[in-house]
Asker: 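Once you've had a glance at the structure underneath, I'll fire off some questions.
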Amino acid sequence: MPEWPEVEVLVRQLNRLLPDRKIKGIHVRRRRVLGKTSPRKLDASLRGGTFVGVRRRAKFLLFDLLSRAGEPLLLLGHLGMTGRMYLSPRDTPLPKHAAVVIDLGRESFIFEDTRYFGKLTLDITPLGRLGPEPLDDLFTARCFAEQLRNSSQAIKIKLLDQTVVAGVGNIYASEALFRAGISPLLPARRLNGEQVSRLRNAIRKVLREAVQFGSTVPLSYDGTNREGALFYFGSAPNASDFYEERLRVYDREARPCLRCRNPIQRIFQAARSTYYCARCQTLNS
DNA sequence: CACCATGTTCCTTG
DNA sequence: CCAAGGAACATGGT
């Protein structure tokens with residue numbers, strides 16, 4: 001259920017639960033989510049170890065641990081499209097798609113993932129491919145412009161490129177472009193300096209607002225926050241009116257633009273949906 | 001059965 | 001090597 005803000009909120013939640021918890025055992029129920037790490041290696045590394053803290057980088061979760069021998073360890077997590085991570089009492093029946101279960105004693109840390117696109121692994125090579133954090137000072141308008149300068153790809157597709165800026169996903173790409181008043185179809189190299197700056201600021205604003213929103217509503221036990229609707233659940237029955245206004249274009253095809261009342265358009269770019277207002281979001285400046 | 005879904009990686013083509 | 005486009009991964013909802 002993850003994009004950048006959802007991962008950030010989950011990391012904060014896990015950081016209140018995991019530090020000092022000791023790992024009694026590991027149960028790998030779906031090998032695929034370990035990536036290049038073998039189940040044996042994961043078990044050998046983590047068993048007897050202790051959680052120190054959790055950080056986030058782009059949409060990855062970084063679990064800092066101390067091994068049984070006291071050596072620092074980095075465990076990398078990713079929620080893919082449908083992943084969840086949460087603590088659950090030890091005697092609770094496992095969910096159907098529990099991919100990895102870490103036994104912490106009274107409770108278990110559950111990594112559940114319906115589609116198994118997520119990861120829990122010791123292989124940290126994906127971190128090396130990431131561009132700047134959107135909220136970091138390193139993500140300047142100048143550096144952003146540099147990344148867009150030579151690309152003929154549509155800006156929406158470019159926003160999903162994690163080497164350009166790390167953490168923007170399909171929902172917030174549409175949201176940021178709406179806020180910036182820029183057409184998703186505009187070739188990246190055609191953005192002028194003012195548009196680059198506006199888009200950078202819109203990305204930061206959209207993500208910051210989502211995290212702030214997520215921090216003000218209670219999380220469910222499983223960290224999904226369905227009632228508060230920080231996470232995207234499509235046409236979830238519980239989606240609140242608040243949520244409806246939180247996302248201004250995503251999944252609002254044919255409904256009136258909140259700014260000009262024109263119907264929101266849905267198009268496909270790189271086989272993924274993009275939502276935008278053809279009147280408010282322009283191809284020029 | 002068809003199509004769509006919050007993400008990343010791998011392969012092919014130029 | 002790079003850029004760009006597309007398929008693959010796997011399951012469930014509508």
Side-chain angles (χ1 to χ4, degrees), chain A residues 1-11 29-37 56-61 76-85 95-99 111-121 123-131 146-176 185 187-189 203 206-207 210-211 213-214 222-226 228-239 243 246-254 266-275:
Chain A
M1 338 269 41
E3 259 193 57
W4 191 99
E6 292 83 352
V7 177
E8 174 63 24
V9 169
L10 176 61
V11 163
R29 301 179 75 249
R30 204 42 101 107
R31 189 188 232 280
R32 144 172 256 286
V33 303
L34 299 194
K36 288 174 182 156
T37 303
R56 181 195 53 70
R57 173 78 170 101
K59 298 167 201 163
F60 291 90
L61 299 102
L76 191 64
H78 197 291
L79 298 174
M81 299 272 265
T82 53
R84 305 174 179 190
M85 295 181 183
K96 181 176 179 187
H97 297 296
F111 171 33
E112 176 187 351
D113 188 357
T114 307
R115 289 168 74 180
Y116 303 109
F117 287 177
K119 289 282 180 292
L120 196 61
T121 178
D123 171 25
I124 60 167
T125 53
L127 295 179
R129 295 191 272 262
L130 297 172
E146 177 69 21
Q147 291 294 307
L148 304 181
R149 193 176 58 146
N150 289 316
S151 176
S152 58
Q153 257 183 335
I155 184 60
K156 155 63 163 37
I157 298 172
K158 216 59 190 161
L159 286 182
L160 299 180
D161 181 344
Q162 302 293 296
T163 69
V164 171
V165 54
V168 177
N170 203 41
I171 292 175
Y172 293 101
S174 282
E175 294 298 315
L185 295 163
R189 67 155 72 104
I203 291 166
V206 157
L207 297 181
V211 168
F213 173 79
D222 61 357
T224 54
N225 183 247
R226 185 175 276 271
L230 168 65
F231 293 79
Y232 176 70
F233 285 103
S235 45
N238 291 332
Y243 165 74
R246 204 174 70 71
L247 298 180
R248 307 207 181 160
V249 285
Y250 188 83
D251 207 13
R252 297 191 75 247
E253 181 182 21
R266 178 213 222 178
I267 59 174
F268 283 89
Q269 296 181 281
R272 315 196 63 188
S273 289
T274 299
Y275 299 85

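Residue numbers begin at 1 in each chain, while the letters A, B, ... track the order of the sequences.
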Asker: May I ask you to say what A:F117 touches in the nucleic acid, namely base, sugar-phosphate or nothing, with a heavy-atom cut-off under 4.0 Å?
Answerer: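 A:F117: base contact, heavy atoms under 4.0 Å.
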Asker: Hey, does the side chain of A:K119 come within less than 4.0 Å of B:dT9's phosphate (OP1/OP2), counting only N and O?
Answerer: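 Negative; the distance criterion is not met.
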Asker: Round to the nearest Å and state the distance from A:R31 atom CZ to C:dA10 atom P.
Answerer: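 Interatomic distance, CZ of A:R31 to P of C:dA10: 14 Å.
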Asker: Roughly how many Å apart are C:dA10 and B:dC11, using the P atom of each and rounding to a whole number?
Answerer: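 Going atom to atom, P in each nucleotide, I get 15 Å.
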Asker: What heavy-atom pair brings A:P95 and A:R29 nearest, and what distance separates the two atoms?
Answerer: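 Result for this residue pair: O-NH1, 4.0 Å.
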Asker: Check every atom of C:dG12, B:dA5, C:dG5 against the side chain of A:Q153 and return the nucleotide holding the closest atom.
Answerer: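 Looking only at side-chain atoms, A:Q153 lies closest to C:dG5.
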Asker: I want to check one thing: is the phosphate of B:dG7, taken as OP1 and OP2, less than 4.0 Å away from some side-chain N or O of A:R272?
Answerer: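 Affirmative; the distance criterion is met.
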Asker: Could you run through DNA chain B and flag its stems, i.e. three or more consecutive Watson-Crick or G-U pairs with both distances under 3.5 Å?
Answerer: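 Counting only runs of 3 or more consecutive pairs, the stems involving DNA chain B are B:2-5 with C:11-14, B:7-14 with C:2-9.
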Asker: Could you check whether any side-chain N or O of A:D113 sits under 3.5 Å from a backbone N or O of A:G118, counting only pairs where one atom can act as donor and the other as acceptor?
Answerer: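 Yes, because the side chain of A:D113 sits within donor-acceptor range (under 3.5 Å) of the backbone of A:G118.
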Asker: Think A:H97 has a side-chain N or O under 4.0 angstrom from the OP1 or OP2 of C:dA10?
Answerer: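 So the side-chain polar atoms of A:H97 never come under 4.0 Å of the phosphate oxygens OP1 or OP2 of C:dA10.
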Asker: Does A:V249 offer a backbone N or O that forms a donor-acceptor pair with the side chain of A:E175 under 3.5 Å?
Answerer: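 Looks like yes, one N/O pair under 3.5 Å.
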Asker: Write down the distance between OH (A:Y116) and C1' (B:dA5), rounded to a whole number of angstrom.
Answerer: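 The answer, rounded to whole Å, is 17 Å.
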Asker: Kindly give the heavy-atom pair with the smallest separation between A:M81 and A:P2, and that separation in Å.
Answerer: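 Smallest interatomic distance, heavy atoms only, reads O-CD, 3.4 Å.
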Asker: Measure from the side-chain N and O atoms of A:R248 to the backbone N and O of A:Y250, and report whether any donor-acceptor pair falls under 3.5 Å.
Answerer: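 Flag not set: sc A:R248 to bb A:Y250 has no pair under 3.5 Å.
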Asker: Take atom CG of A:L79 and atom C1' of B:dA5, then tell me their distance rounded to the nearest Å.
Answerer: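 It works out to 16 Å between those atoms.
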Asker: If only side-chain N and O atoms of A:T82 are considered, is one of them under 4.0 Å from the OP1 or OP2 phosphate oxygen of C:dT11?
Answerer: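 Looking at the OP1 and OP2 atoms of C:dT11, neither is under 4.0 Å from any side-chain N or O of A:T82.
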Asker: Checking all strands, does A:K59 fall into the base, sugar-phosphate, or nothing category for heavy-atom contacts under 4.0 angstrom?
Answerer: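 Here A:K59 touches the backbone only, sparing every base.
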Asker: Ignoring backbone atoms, establish whether A:K96 has a side-chain N or O less than 4.0 Å from OP1 or OP2 of C:dG12.
Answerer: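 For C:dG12, OP1 or OP2 has a side-chain N or O of A:K96 closer than 4.0 Å.
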Asker: Would you indicate what A:F268 reaches in the nucleic acid, counting non-hydrogen atoms under 4.0 angstrom: base, sugar-phosphate, or nothing?
Answerer: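 Answer is sugar-phosphate: A:F268 comes under 4.0 Å of backbone atoms only.
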Asker: May I have the step-by-step check of side chain to side chain contact (heavy atoms under 4.5 Å, CB included) for A:V7 and A:L61, ending in yes or no?
Answerer: CA-CA 7 Å; A:V7 177; A:L61 299 102; 4.0 Å; yes
Asker: Flag this pair as yes if the NZ/CZ of A:R30 is under 6.0 angstrom from the six-membered ring centre of A:Y116 and inside a 45 degree cone about the axis; otherwise no.
Answerer: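 Here A:R30 passes the 6.0 Å and 45° test against A:Y116.
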Asker: Nearest whole Å is fine: how far is B:dT8 P from A:I157 CD1?
Answerer: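 Roughly 15 Å, once rounded to whole Å.
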Asker: Taking 4.0 Å as the cut-off, does a side-chain nitrogen or oxygen of A:R129 come that near to OP1 or OP2 on B:dT8?
Answerer: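 For B:dT8, OP1/OP2 do not have a side-chain N/O of A:R129 under 4.0 Å.
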Asker: Over all strands shown, is A:S152 touching base, sugar-phosphate only, or nothing at heavy-atom distances under 4.0 angstrom?
Answerer: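 The answer is sugar-phosphate, as A:S152 gets under 4.0 Å only of primed atoms, P, OP1 or OP2.
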Asker: Distance check needed: C:dA4 P versus A:I155 CD1, whole Å only.
Answerer: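 Roughly 12 Å, once rounded to whole Å.
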Asker: Take A:T82 and A:F117 through the side chain to side chain contact (heavy atoms under 4.5 Å, CB included) test and state the conclusion after the steps.
Answerer: CA-CA 8 Å; A:T82 53; A:F117 287 177; 5.9 Å; no
Asker: Rounding to an integer number of Å, can you tell me how far A:H78 NE2 sits from B:dT6 C1'?
Answerer: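 Between C1' of B:dT6 and NE2 of A:H78: 10 Å.
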Asker: Mind calculating the distance between OH (A:Y275) and C1' (B:dC4) to the nearest angstrom?
Answerer: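 Whole-Å distance recorded here is 9 Å.
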Asker: Using a heavy-atom cut-off of 4.0 Å across all strands, would you classify A:R32 as base, sugar-phosphate, or nothing?
Answerer: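 A:R32: backbone/sugar contact only, no base atoms under 4.0 Å.
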Asker: State which of C:dA10, B:dC4, B:dG7 makes the closest approach to the side chain of A:E3.
Answerer: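 Of all the options, the side chain of A:E3 is nearest to B:dG7.
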Asker: Suppose you measure atom P in B:dC3 against the same atom in C:dA7; what distance do you get, rounded to whole Å?
Answerer: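 Looking at atom P only, B:dC3 and C:dA7 are 13 Å apart.
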Asker: How long is the line joining CD of A:Q269 and P of C:dG5, in whole Å?
Answerer: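 A:Q269 atom CD is separated from C:dG5 atom P by 10 Å.
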Asker: If the C1' atom of C:dG12 is compared with that of B:dT9, how far apart are they to the nearest Å?
Answerer: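 Between the two C1' atoms, the distance is 23 Å.
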